[in-house]
Amino acid sequence: MENILKEKIREAVKVLFNGNACDDLIQVQETRKDFTGDFTLVVFPLLRFSKNTPEKNGEIIGSHLAATFPAVKGYNVIKGFLNIEVSDAWWIGNFSAMAAENDLFGRCRVSKPETILIEYSSPNTNKPLHLGHIRNNLIGFSLYRIQSACGHRVIKTNIVNDRGIHICKSMLAWQKHGNSETPHSSGLKGDHLVGKYYVMFEKEWKLEAEALISSGMNEEDARNSAPIMKEAREMLIKWEAGDKEVMDLWSMMNSWVYEGFDETYHALGVDFDKIYYESETYQPGKDIVFKSLEKGILYRKDDSSIWIDLTAEGLDQKLLLRSDGTAVYITQDIGTAVLRQADYSFDKCIYVVGNEQNYHFQVLKAVLKRMGYPWSDGLIHFSYGMVELPEGRMKSREGTIVDADDLISEMKETAREVSIELGKLGDFTAEEREEIFRKIGLGALKYFILKVDPRKNMTFNPSESIDFNGNTGPFIQYTYARIRSVFRKAEQSGVEYDPALLPGSPAGPKEIMLIKLLRNFSKAVSEAASANSPAVVANYCYDLAREYNQFYHDFSILGEENQALRNLRLAISEVAGKALSSGMWLLGIEMPDRM
RNA sequence: GGCCCCAUAGUUCAAUGGAUAGAACGGAGGUUUCCUAAACCUUAAAUUCAGGUUCGAUUCCUGGUGGGGCUACCA
């Protein structure tokens with residue numbers, strides 16, 4: 001409609017003022033709620049074509065449109081804004097097409113589908129997942145769904161940091177103190193078990209270092225020469241040499257961790273199409289570095305470490321390989337990127353990684369470009385903000401890490417408490433109830449995190465937990481459950497609706513308001529895709545649920561109203577239900593039929 | 001020191017350069033003969049400061065203040 005209107009306005013300008021208005025000058029937007037009208041033309045930019053006041057100009061264009069375009073019911077001019085009213089019949093005619101859509105409701109389709117790789121999650125194998133990972137996983141997974149809904153081919157990948165000194169730390173502690181403890185024998189989730197030994201190492205290391213400091217050593221030397229740290233380094237050397245005993249221990253403990261992670265991923269409802277391991281990509285990365293060195297893109301320092309000079313790009317000099325020939329973080333990322341391009345020929349590769357690594361990804365992109373990979377332009381660092389607690393950043397030293405598994409079960413528990421307190425779900429079986437508590441608890445958590453603009457830091461208050469009222473997941477879920485209920489009731493009383501009746505339906509302002517909102521669903525999806533922001537979809541869902549609730553409040557299906565209006569309302573409910581569930585699906589949030 | 005990001009009601013979040021800056025929570029008050037009261041309605045409350053560009057700035061530019069991040073031969 002906007003486009004049709006723009007065209008009509010362009011013609012009007014031509015006829016009335018003999019001016020050629022280009023697209024930027026014709027600004028049509030939706031009319032704000034507190035004014036009458038559906039679309040609004042901003043008149044200011046068109047003043048250049050005539051010498052009238054803005055009001056006069058709006059008046060002229062408005063009357064011309066109303067006279068020549070039947071879908072325009074009326075208009076009014078306020079200051080420099082021309083509000084155009086579109087006829088109800090046009091809205092309902094437009095809506096009946098939506099009512100007929102299948103369950104792929106409102107997906108937008110881009111004209112040029114691309115292959116997009118999304119990397120998210122990226123855990124370390126020595127610690128369980130925490131709140132920061134939850135935000136990462138939810139954003140990554142939702143981006144996957146949003147980009148897919150736009151018609152792109154999207155591959156979800158994960159890169160696991162399974163190599164390096166940190167892994168040796170937990171292995172060593174387990175060897176010393178583990179007594180062959182396994183997830184099975186301890187009853188601990190694998191990632192938590194390994195995390196426990198990592199913490200144990202850190203404690204012991206600290207004690208040894210303190211002892212050395214009190215005997216007169218400076219802090220850095222003490223940390224480096226603590227016996228347990230030396231042992232860890234020896235273990236890393238053995239690992240890199242492929243020592244069988246160390247490798248076996250490494251694979252065993254990693255497999256525990258992966259089992260633990262899988263459980264958490266499953267609970268969060270996220271998954272991956274392809275998992276890369278740092279242990280498999282650092283070597284290709286090193287090879288690439290050597291090749292680039294031969295080509296003269298890189299340089300070697302006297303201590304034989306390898307560097308790249310990025311000062312021309314406004315960045316610094318960056319180390320790509322240590323003097324002892326071992327790989328650093330970025331070496332591995334170079335290897336991974338090249339492997340991925342070979343595997344999938346991606347157009348874009350989106351890295352969902354926290355904003356503390358902005359510099360790292362700037363460098364990565366620049367390095368790959370310098371190395372001559374044209375696809376490096378398609379690397380996108382999707383930088384999201386930190387999750388902070390009311391008292392500030394999460395710090396493991398202060399024990400303020402919010403564990404992912406704990407949080408998920410707390411959310412389910414809260415959902416249970418709230419539901420029981422409200423006296424809900426009396427007639428369900430225990431299993432059905434658990435399932436609903438799970439959906440609500442996770443819905444609350446996911447929505448709470450995804451509704452915030454991902455680029456911004458956000459505050460998470462665990463003690464207040466998460467609200468179930470207001471702009472929340474459960475509010476939207478509840479709205480959806482009531483829509484389903486409307487249809488259950490309608491069915492019971494034998495009321496059917498007939499989409500064929502829609503074009504002639506009467507409609508009030510509330511109906512039109514909702515129809516307008518529903519039309520915007522695919523717009524919200526494409527906006528979310530271009531901005532890479534699930535928050536756009538989340539806030540759209542909330543607006544819709546809110547409008548629907550207001551509309552629903554005095555909505556009586558079984559009342560004495562005429563058949564056509566009843567039909568329209570049922571149709572709106574149906575489409576609103578589709579839009580809400582489609583929208584929440586894009587966020588990875590499940591919708592219960594009842595709650 | 002250098003580079004990057006952020007700043008909106010008491011709090012948590014919104015607002016392609018457009019109209020009177022929206023919600024929610026919390027506070028105060030109200031609404032269930034019909035649809036699920038996890039709802040709905042009413043009410044008080046905000047753009048960090050100073051300039052600039054513009055018909056028009058929360059939005060863009062410059063500077064100040066305040067907060068966060070990066071600046072590892074860690075990942």
Side-chain angles (χ1 to χ4, degrees), chain A residues 27 29 31-35 40 42-45 47 54 78-81 83 122 124 126 159 161 163-167 278 301 303 305-307 314-316 318-330 332-333 354-360 362-363 383 385-386 388 390 392-393 415 418-419 421-422 424-425 440 444 448 451-453 455-461 464 466-472 474-479 481-486 488-490 493 527 530-531 535-536 538-539 542-543 545-546 548-559 569 573 594-595:
Chain A
Q27 293 177 29
Q29 53 195 262
T31 302
R32 291 174 66 112
K33 254 193 226 165
D34 17 319
F35 298 92
T40 297
V42 184
V43 183
F44 295 106
L47 292 182
I78 296 171
K79 295 186 192 166
F81 299 91
N83 298 321
S122 313
N124 280 328
N126 56 346
I159 174 95
N161 282 317
R163 181 193 81 92
I165 189 79
H166 54 289
I167 312 298
E278 196 196 324
K301 281 196 180 173
D303 62 3
S305 55
I306 298 177
W307 295 72
L315 303 166
D316 287 326
K318 179 77 185 175
L319 174 97
L320 298 186
L321 214 57
R322 292 195 187 98
S323 49
D324 62 5
T326 56
V328 289
Y329 182 40
I330 198 160
Q332 165 272 124
D333 260 350
N355 62 14
E356 76 252 352
Q357 293 194 34
N358 286 354
Y359 182 72
H360 170 80
Q362 249 180 298
V363 170
S383 161
M386 303 283 97
E388 284 163 9
R393 206 176 166 177
V418 173
S419 299
E421 196 177 316
L422 290 168
K424 299 272 179 180
L425 304 174
I440 298 172
F448 185 86
K451 76 172 178 191
V452 181
D453 183 337
R455 286 176 296 262
K456 294 191 177 173
N457 288 1
M458 65 178 291
T459 307
F460 182 88
N461 191 335
E464 287 175 14
I466 290 178
D467 280 325
F468 284 29
N469 299 318
N471 187 357
T472 67
F475 171 83
I476 296 168
Q477 289 172 319
Y478 180 60
T479 304
R482 274 173 25 243
I483 290 174
R484 301 317 314 155
S485 174
V486 165
R488 281 193 295 272
K489 292 280 178 190
S493 45
E527 264 175 41
S530 60
V536 175
N539 287 310
Y542 176 66
D543 280 350
R546 207 163 173 282
Y548 182 82
N549 271 322
Q550 287 168 17
F551 159 83
Y552 177 89
H553 190 247
D554 51 14
F555 161 31
S556 172
I557 332 161
L558 307 175
R569 289 180 168 179
S573 293
R594 304 170 191 233
M595 62 185 275

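In what follows, every chain begins at residue 1, and chains take the letters A, B, ... in the order their sequences are listed.
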Next on the checklist: Let me confirm one number: the NZ-CE distance from A/K424 to A/M595, rounded to the nearest 0.5 Å.
Outcome noted: 7.0 Å
Checklist entry - For the atom pair CZ (A/R163) and CD (A/Q332), what is the distance rounded to the nearest 0.5 Å? => result 7.5 Å
Which of these nucleotides, [options], is closest to any side-chain atom of [X]?
{"X": "A/P45", "options": "B/C25, B/A75, B/G18", "value": "B/G18"}
{"X": "A/Q29", "options": "B/C40, B/U16, B/C4", "value": "B/U16"}
{"X": "A/H553", "options": "B/A38, B/A39, B/C41", "value": "B/A39"}
{"X": "A/R393", "options": "B/A19, B/G69, B/C25", "value": "B/G69"}
{"X": "A/K79", "options": "B/C35, B/A23, B/U20", "value": "B/U20"}
{"X": "A/N161", "options": "B/A75, B/C35, B/A37", "value": "B/A75"}

Taking only the [atom1] atom of each, what is the distance from [N] to [M] in whole angstrom?
{"N": "B/U43", "M": "B/C61", "atom1": "C1'", "result": "40 Å"}
{"N": "B/A75", "M": "B/U62", "atom1": "P", "result": "36 Å"}
{"N": "B/G51", "M": "B/U11", "atom1": "P", "result": "26 Å"}
{"N": "B/U59", "M": "B/G63", "atom1": "P", "result": "16 Å"}
{"N": "B/A9", "M": "B/G27", "atom1": "C1'", "result": "13 Å"}
{"N": "B/A15", "M": "B/C6", "atom1": "P", "result": "13 Å"}

Next on the checklist: Below 30° counts as parallel, above 60° as perpendicular, anything between as tilted: where do the rings of A/F475 and A/Y542 land?
Outcome noted: tilted
Next on the checklist: Quick test of your reading of the model: are A/D453 and A/R455 salt-bridged, counting only N-O distances below 4.0 Å?
Outcome noted: yes
Determine: side-chain N/O of [X] to OP1/OP2 of [N], distance under 4.0 Å, yes or no.
{"X": "A/R322", "N": "B/A75", "result": "yes"}
{"X": "A/Q550", "N": "B/C41", "result": "yes"}
{"X": "A/Y478", "N": "B/A38", "result": "yes"}
{"X": "A/K424", "N": "B/A37", "result": "no"}

Checklist entry - Between A/T472 and A/D467, is any side-chain donor less than 3.5 angstrom from a side-chain acceptor? => result no
Checklist entry - Looking just at side-chain N and O atoms, do A/D333 and A/H360 make a donor-acceptor pair shorter than 3.5 Å? => result yes
Quick one: label [X] by what it contacts on the DNA or RNA (base, sugar-phosphate, nothing), any heavy atom closer than 4.0 Å.
{"X": "A/A481", "value": "base"}
{"X": "A/E527", "value": "nothing"}
{"X": "A/F81", "value": "base"}
{"X": "A/N83", "value": "base"}
{"X": "A/L315", "value": "nothing"}
{"X": "A/R484", "value": "nothing"}
{"X": "A/Q357", "value": "base"}
{"X": "A/V42", "value": "base"}

Checklist entry - Has A/Y542 got its ring stacked on the base of B/A23, with centres under 5.5 Å and planes less than 30° apart? => result no
Checklist entry - Taking atom types as they are modelled, is there a donor-acceptor pair under 3.5 Å from the base of B/A19 to the side chain of A/T40? => result yes
Next on the checklist: Under 3.5 Å, is there any donor-acceptor pair linking the side chain of A/S419 to the base of B/A38?
Outcome noted: yes
Checklist entry - Taking the nucleotide of RNA chain B with the closest heavy atom to each, which residue, A/K33 or A/R594, is nearer the 5' end? => result A/K33
Nearest-Å distance, [atom1] ([X]) to [atom2] ([N])?
{"X": "A/F475", "N": "B/A23", "atom1": "CZ", "atom2": "P", "answer": "13 Å"}
{"X": "A/D333", "N": "B/C74", "atom1": "CG", "atom2": "P", "answer": "16 Å"}
{"X": "A/I78", "N": "B/A19", "atom1": "CD1", "atom2": "P", "answer": "13 Å"}
{"X": "A/R546", "N": "B/A39", "atom1": "CZ", "atom2": "C1'", "answer": "11 Å"}
{"X": "A/F468", "N": "B/A24", "atom1": "CZ", "atom2": "P", "answer": "19 Å"}

N/O to N/O distances under 3.5 Å, protein versus nucleotides 11-13 of chain B:
| from | atom 1 | to | atom 2 | distance (Å) |
| --- | --- | --- | --- | --- |
| B/C13 | OP1 | A/T459 | N | 2.9 |

